[in-house]
Amino acid sequence: MNEKNELLKKSYVKEFLPYFIIILVVVFVKMFVVSPIRVNGASMNPTLNDKDIMILNEISYGFSDIVRFDIVVVKEENEYLIKRIIGLPGEKIEYKDNKLYIDGKYVKEDFKHMETMDFSTTLGEDEYFIMGDNRTNSTDSRIFGPISRDEIIGKTSLTILPISRFGNKR
């Protein structure tokens, strides 16, 4: 009888061990690699809508550089903001007549955004300039100034909900 109980226990362990491993992997991935994040507000319209659910990739910048126009998640005070990278460290950022100039050269923005009022700023060595696509209704680097690399939590581009908006956003 004792031997039968041992065999039964081993069979349960064999049967449920793969499920346990899958659960551990999912928990690990959710905690350290990707997690859902919700768009809060209209500052990224027309690219993103209020209440869109996206996937935040928290390790992407461990393997690649931050690139202009990436959509990133930034921790600003007690809030997570979703914005677009406009300026990279050491650059002079300038908007004239709704056009972006980096270090004096025109840079085409390949995404839709609202009108941008004229301004100019120069970034330090560890500073990034972020803006929402809804330029007339966005709290961003024009208000709170440039951000540092360690304020960037990760990159996001995949909208998963609502299903009607599923897909990669740029």
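Being a predicted model, the structure only gives us computed values, none of them experimental. Both backbone and side-chain heavy atoms feed into the values below; hydrogens, waters and symmetry mates do not.
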Worksheet item: Do the numbers put Lys92 on top of the ring of Tyr101, so that NZ or CZ is under 6.0 Å from the six-membered ring centre and no more than 45° off the axis?
Response: no

Item to complete: Can you establish whether the number of heavy atoms outside Asp65 located under 6.0 Å from its atom CG is more than 12?
Response: no

Discussion item. For Tyr106, I'd like to know if atom OH has over 12 heavy atoms of other residues, nucleotides or ligands within 6.0 Å.
Written reply: yes

Could you measure the distance from the [atom1] atom of [X] to the [atom2] atom of [Y]? Nearest 0.5 Å is fine.
| X | Y | atom1 | atom2 | result |
| --- | --- | --- | --- | --- |
| Tyr95 | Arg142 | OH | CZ | 8.5 Å |
| Thr159 | Phe166 | OG1 | CZ | 9.0 Å |
| Asp118 | Asp97 | CG | CG | 5.5 Å |
| Lys75 | Asp150 | NZ | CG | 12.5 Å |
| Glu77 | Glu151 | CD | CD | 10.0 Å |

Item to complete: Evaluate the criterion side-chain contact (heavy atoms from CB on, under 4.5 Å) for residue pair Met117 and Asn98; output intermediate values, then yes/no.
Response: CA-CA 6 Å; Met117 302 300 291; Asn98 202 37; over 6 Å; no

Flag the pair [X] / [Y] as yes when at least one side-chain heavy-atom distance between them is below 4.5 Å, and no otherwise.
| X | Y | result |
| --- | --- | --- |
| Leu123 | Leu88 | no |
| Lys83 | Ser138 | yes |
| Thr139 | Leu81 | no |
| Met114 | Thr116 | no |
| Glu125 | Glu127 | no |
| Tyr128 | Pro146 | no |
| Asp133 | Lys112 | no |

Could you tell me whether a side-chain N or O of [X] sits under 3.5 Å from a main-chain N or O of [Y], the two making a donor and an acceptor?
| X | Y | result |
| --- | --- | --- |
| Asn134 | Met44 | no |
| Asp50 | Ala42 | no |
| Arg135 | Gly132 | yes |
| Ser141 | Phe129 | no |
| Asn57 | Ser60 | yes |

Worksheet item: Are Ile163 and Ile160 connected in the hydrophobic side-chain network, where two residues link if heavy atoms are under 4.5 Å apart?
Response: yes

Worksheet entry | Same cluster (ILVMFWY, side-chain, under 4.5 Å), Ile82 and Phe111 | no

Closest non-hydrogen atom pair between [X] and [Y], with its separation:
| X | Y | value |
| --- | --- | --- |
| Ile130 | Phe144 | CD1-CZ, 4.0 Å |
| Pro36 | Ile53 | CB-CG2, 4.2 Å |
| Ile86 | Glu91 | O-OE1, 4.4 Å |
| Met54 | Leu48 | SD-CD1, 3.6 Å |

In plain terms, say whether [X] and [Y] are close enough for a salt bridge, that is, a side-chain N and a carboxylate O under 4.0 Å apart.
| X | Y | result |
| --- | --- | --- |
| Arg84 | Asp70 | no |
| Lys155 | Glu58 | no |
| Arg149 | Asp126 | no |
| Asp103 | Lys105 | no |

Item to complete: Check the pair Ser157 / Ile71 against side-chain contact (heavy atoms from CB on, under 4.5 Å), numbers first and verdict last.
Response: CA-CA 6 Å; Ser157 62; Ile71 299 173; 5.5 Å; no

Fill in: Candidates Asn40, Val74, Val39, Val73 - the one meeting side chain to side chain contact (heavy atoms under 4.5 Å, CB included) with Tyr80
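That would be Val73.
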
Practice prompt. Might you work through the side-chain contact (heavy atoms from CB on, under 4.5 Å) test for Val72 and Thr156, ending with a clear yes or no?
Written response: CA-CA 6 Å; Val72 297; Thr156 186; over 6 Å; no

Worksheet item: Does the pair Phe69 and Leu100 meet the rule for a side-chain contact (heavy atoms from CB on, under 4.5 Å), with working shown?
Response: CA-CA 12 Å; Phe69 305 139; Leu100 172 62; 3.9 Å; yes

Worksheet entry | Trace of the salt bridge (charged side-chain N to carboxylate O under 4.0 Å, His left out) decision for Glu115 with Lys99 | CA-CA 9 Å; Glu115 186 172 345; Lys99 292 186 174 138; over 6 Å; no

Item to complete: Go through the steps to decide whether Ser43 and Asn45 satisfy the test side-chain hydrogen bond (donor to acceptor under 3.5 Å, both in side chains), and finish with yes or no.
Response: CA-CA 6 Å; Ser43 74; Asn45 284 353; over 6 Å; no

